[in-house]
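Since the structure comes first, as structure tokens, the remarks are kept for the end.
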Amino acid sequence: MAEVLVYVDHVDGAVRKPTLELLALARRIGEPVAVFLGAGADTAAPTLAEYGATKVLAAEVPAFDAYLVAPKVDALQAAYEAVSPAAVLVPSSAEGKEIAARLAVRTGSGLITDAVDLEAGEEGSVATQSVFAAAFTTKSLVSRGTPVITVKPNSAAPEVAPAAGAVEQLAVTVADASKGTEVVSRTPRESTGRPELTEAAIVVSGGRGLNGRENFHLIESLADSVGAAVGASRAAVDAGWYPHANQVGQTGKSVSPQLYVAVGISGAIQHRAGMQTSKTIVAVNKDAEAPIFDLVDYGVVGDLFEVVPQLTEEISARKG
Amino acid sequence: MTMRIVVCVKYVPDATGDRYFADDLTTDREAVDGLLSELDEYAVEQALQIAEAADDAEITVLTVGPEDAKDALRKALSMGADKALHVEDDALHGTDVLGTSLVLAKAVEHTGYDLVLCGMASTDGGMGVLPAILAERLGVPQMTLLSELAVQDGVVTGRRDGDSASEELRAVLPAVVSVTDQSGEARYPSFKGIMAAKKKPLESLDLSDVGIEEDQVGLENAWTTVLEATKRPARTAGTIVNDEGEGGKQLAAYLADGRFV
């Protein structure tokens with residue numbers, strides 16, 4: 001059976017959930033071979049094996065941290081040349097997409113980004129995408145070269161499928177041309193202790209209706225009561241009420257959780273583009289005419305400063 | 001020496017209106033209103049700021065697209081860019097990102113550059129990968145998704161706010177830079193700017209001018225094939241309640257029914 005490269009997204013060897021989803025998708029079209037770059041391969045390998053990686057190609061060179069993106073492309077290309085895969089799957093993070101795109105150029109391959117599903121087809125792997133602010137669903141395939149496909153989080157359920165998953169060292173030579181963009185310093189984002197926005201099963205977002213930074217604690221308390229990630233609309237971010245890293249929408253994160261809670265968000269097109277594929281959508285807004293109510297499964301027209309604290313309290317009471 | 005800045009821009013269907021696929025499953029660019037992609041305005045703005053801070057700089061805006069794409073170029077010229085370059089050719093219809101990036105790279109090399117500036121993504125395709133591909137094709141440093149940048153003495157520095165960390169980056173020109181919508185509000189064209197734009201040079205090139213063969217671009221030669229495009233069914237109308245003092249509890253009950261609580 002043909003091998004499929006899966007680029008591993010991890011934090012110091014802790015494999016992030018989207019990679020496990022990719023392994024499940026890779027198993028539909030071939031045998032997953034994980035590509036692990038950076039420190040922690042031995043920590044990650046048992047998890048990767050548990051979810052179906054037949055082997056783990058690992059490389060750790062200082063250039064991965066010292067220079068932007070290109071050295072990782074060199075490494076993925078080395079894995080590509082070692083394996084001659086049937087497809088390459090990469091998580092759809094900003095960096096993941098850039099790595100995938102440059103690999104596609106180097107290997108003369110077609111590129112599909114932000115797939116939300118993947119299945120084997122007669123003429124190759126068929127990727128489903130959600131486009132035009134989720135107004136359309138498309139199915140596409142790569143018609144030239146080896147399919148290089150980036151996949152959004154929450155596109156598949158991780159599946160336990162034990163495989164060998166032995167670690168093999170991957171020899172990587174970083175080209176001088178890949179050392180053009182120096183990373184002078186790196187400041188890790190402070191952990192909030194909440195789930196990652198794009199990976200969370202539940203997202204609670206606040207918008208203009210919050211009326212100020214000082215009121216976002218209402219959103220955070222509600223989020224914490226259901227174990228959710230916190231999001232914010234572009235209006236709230238532009239006003240400086242919440243960090244851009246939490247922005248949901250066209251120029252922020254695109255999320256597709258089981259449950260999306262929109263609080264004080266009108267639902268402009270740039271916001272809808274980032275959340276419209278959520279499974280269940282609920283909203284609280286004082287304006288009954290707000291476009292967000294066109295999307296909801298359940299909506300409350302009312303003052304969020306009354307409704308949200310009552311909601312949080314009721315959830316806490318129900319949990320006992 | 002004049003710093004040559006090339007800003008790559010895209011003419012896109014208005015994202016606030018309805019967007020469609022044409023019969024051949026390419027993006028419909030005829031039945032809809034088009035405009036300069038909003039996210040490219042940030043790149044034009046940064047180019048203007050860099051040029052204003054430099055001793056001597058010239059800004060060329062570049063696009064690949066149909067006749068109407070000139071509108072996007074004129075908007076950038078009215079904001080303050082110096083000249084425009086339009087690659088248009090019937091053979092380009094249906095070209096995907098790998099082909100478009102090839103044309104842009106050839107056009108950028110054709111006109112000459114020290115700094116290539118791009119927006120973070122288009123508002124139609126929305127892949128967000130073209131700047132990285134351009135860097136790969138041109139063989140120059142990739143400085144992408146910057147929320148802050150500065151150019152001084154032939155060196156570009158900037159901050160990239162990633163998912164897990166914020167990075168300070170540095171590269172020697174020539175380089176490809178993309179900027180996010182956090183980089184600073186784009187200016188509105190002034191009346192004077194709009195008038196001045198009419199007299200600025202707008203040059204049209206076809207594929208042979210930039211050294212591209214017809215079989216390298218177009219729908220038939222795209223690296224990807226769209227098999228089908230279906231309109232997403234409208235979400236079934238949900239339940240809307242007016243809060244009469246129990247709205248929070250009602251919502252909690254709904255969430256409990258759905259086993260979210």
Side-chain angles (χ1 to χ4, degrees), chain A residues 11 68-70 93-95 97-98 101-102 104-105 110-113 126 132-145 177 180-189 202 226 244-245 250-251 259 269 280 282 293 295-302 306-308 310-311 314-315 318, chain B residues 15-16 19 21 39 97-98 120 123-124 126-129 132-133 136-137 139-145 161-171 175 180-182 222-232 235 238-243 247-252 254-256 258 260-261:
Chain A
V11 181
L68 191 74
V69 174
S93 61
E95 183 179 82
K97 287 204 281 188
E98 293 183 333
R102 295 186 68 151
V105 173
L111 172 72
I112 291 175
T113 55
V126 176
F132 292 162
F136 282 83
T137 302
T138 60
K139 287 184 187 290
S140 304
L141 49 77
V142 165
S143 37
R144 292 172 66 179
T181 305
E182 196 184 333
V183 179
V184 179
S185 67
R186 178 178 283 114
T187 313
R189 203 168 286 294
I202 304 179
V226 290
H244 181 254
Q250 187 187 40
T251 58
L259 171 65
I269 183 75
T280 297
V282 303
F293 285 124
L295 299 182
V296 299
D297 297 285
Y298 196 91
V300 178
V301 180
E306 302 287 337
V307 176
V308 171
Q310 188 183 66
L311 171 61
E314 181 69 14
I315 288 170
R318 280 172 181 265
Chain B
T16 60
R19 291 177 285 183
F21 284 90
L39 296 173
V97 70
L98 288 157
M120 64 189 287
T123 57
D124 54 354
M127 298 177 82
V129 297
I133 294 181
E136 175 72 33
R137 289 207 184 279
V140 302
Q142 169 194 335
M143 293 273 284
T144 46
L145 300 172
D161 294 320
D163 288 341
S164 58
S166 197
E167 294 164 322
E168 295 291 340
L169 306 178
R170 179 186 185 279
T180 72
D181 62 333
Q182 301 297 298
W223 277 257
T224 46
T225 305
V226 180
L227 302 173
E228 59 176 69
T230 47
K231 199 159 172 49
R232 193 180 170 80
R235 291 186 82 103
T239 308
I240 312 277
V241 300
N242 281 302
D243 177 37
K249 288 185 181 172
Q250 289 169 286
L251 182 48
Y254 174 81
L255 296 180
F260 294 114
V261 175

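The structure presented is a predicted model; accordingly, all values stated were derived computationally and were not measured. Throughout, protein chains are lettered first and strands after them, A, B, ... in sequence-line order, and every chain is numbered starting at 1.
The candidate with the highest count of non-hydrogen atom pairs below 4.5 Å against chain B, out of A:A134, A:P188, A:A133, A:S185, is A:S185. Counting heavy-atom pairs under 4.5 Å between each of B:I133, B:L251, B:N242, B:V261 and chain A puts B:L251 at the top. Here B:G248 is the residue among B:P141, B:G248, B:G128 with the most heavy-atom pairs under 4.5 Å with chain A. Per-residue heavy-atom pair counts under 4.5 Å with chain B were compared for A:E306, A:E314, A:R189, and the maximum is reached by A:R189. With chain B as partner, the option from A:V308, A:I112, A:V282 having the largest number of non-hydrogen pairs under 4.5 angstrom is A:V282. Ranked by heavy-atom pairs shorter than 4.5 Å toward chain A, the options B:D243, B:T230, B:V226 are led by B:T230. Interface check for chain B: of the options A:A94, A:A135, A:G302, A:G145, the most heavy-atom pairs under 4.5 Å are formed by A:A135. Of the listed residues A:V126, A:T187, A:V226, the one with more heavy-atom pairs under 4.5 angstrom with chain B than any other is A:T187. Ranked by heavy-atom pairs under 4.5 Å with chain A, the first of B:G162, B:S166, B:A229, B:S164 is B:S166. Between chain A and the residues B:T123, B:V140, B:V97, the most heavy-atom pairs under 4.5 angstrom are made by B:T123. Residue with the most contacts toward chain B among A:V184, A:V307, A:T137: A:T137 (heavy-atom pairs, distance under 4.5 Å). Heavy-atom pairs under 4.5 Å with chain A peak, among B:G126, B:A165, B:A175, at B:A165.
Minimum interatomic distance between B:A171 and A:G180 (heavy atoms only, all atoms of both residues): CB-O, 3.5 Å. The two residues A:Q310 and B:G247 make their nearest non-hydrogen contact at OE1-N, 3.5 Å. The two residues A:D297 and B:R235 make their nearest non-hydrogen contact at OD2-NH2, 3.3 Å. Between B:A15 and A:I269 the shortest heavy-atom distance is O-CG1, 3.5 Å. Annotation for A:T251 and B:M120: closest pair O-CE, 3.9 Å, computed over non-hydrogen atoms.
Expressed to the nearest 0.5 Å, how far CD of B:E136 lies from CD of A:E98 amounts to 11.5 Å. For the atom pair NZ of B:K249 and CG of A:L311, the computed distance is 12.0 Å after rounding to the nearest 0.5 Å. Note: A:H244 NE2 to B:T180 OG1 = 6.0 Å, rounded to the nearest 0.5 Å. Here the OG1-CD distance, from B:T144 to A:E95, works out to 9.0 Å after rounding to the nearest 0.5 Å. If you take CD on A:E182 and CE on B:M143, they are separated by 10.0 Å, rounding to the nearest 0.5 Å. Here A:F293 contributes atom CZ and B:T239 contributes atom OG1; the two are 12.0 Å apart, rounded to the nearest 0.5 Å.
Using a 4.5 Å cut-off between heavy atoms, B:M127 contacts chain A through both its backbone and its side chain. With a 4.5 Å cut-off on non-hydrogen atoms, A:R318 touches chain B through its side chain but not through its backbone. Heavy atoms closer than 4.5 Å to chain A are found in the side chain of B:D181, but not in its backbone. Looking at B:L169, both its backbone and its side chain come within 4.5 Å of chain A, counting heavy atoms on both sides. A:V142 touches chain B through backbone and side chain together, each having a heavy atom under 4.5 Å away. Residue A:V69 touches chain B through its side chain alone, counting heavy-atom pairs closer than 4.5 Å. For a residue to count as touching a neighbouring chain, one of its non-hydrogen atoms must lie under 4.5 Å from one of that chain's; by this rule B:T225 touches chain A with backbone and side chain alike. Looking at A:L68, only its side chain comes within 4.5 Å of chain B, counting heavy atoms on both sides. In this structure, chain B has no heavy atom under 4.5 Å from any part of A:A245. Heavy-atom distances place no part of A:V11 under 4.5 Å from chain B, backbone and side chain included. Heavy atoms closer than 4.5 Å to chain A are found in the backbone of B:A222, but not in its side chain. If you measure heavy-atom distances from A:I202 to chain B, the contacts under 4.5 Å come from the side chain alone. With a threshold of 4.5 angstrom between heavy atoms, B:F260 approaches chain A through its backbone and through its side chain.
Aromatic ring orientation, A:F136 versus B:F21: perpendicular (interplanar angle above 60°, classes split at 30° and 60°).
At distances below 3.5 Å, not a single donor-acceptor pair connects side-chain atoms of B:T224 with backbone N or O atoms of A:G110.
Under the 4.5 Å side-chain criterion, counting only non-hydrogen atoms from C-beta, A:V300 is not in contact with B:Q250. Here the side chains of B:Y254 and A:T280 are in contact, with some heavy-atom distance below 4.5 Å.
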Task: Trace of the salt bridge (Lys or Arg N to Asp or Glu O under 4.0 Å) decision for B:E228 with A:K139 - done: CA-CA 5 Å; B:E228 59 176 69; A:K139 287 184 187 290; 5.2 Å; no

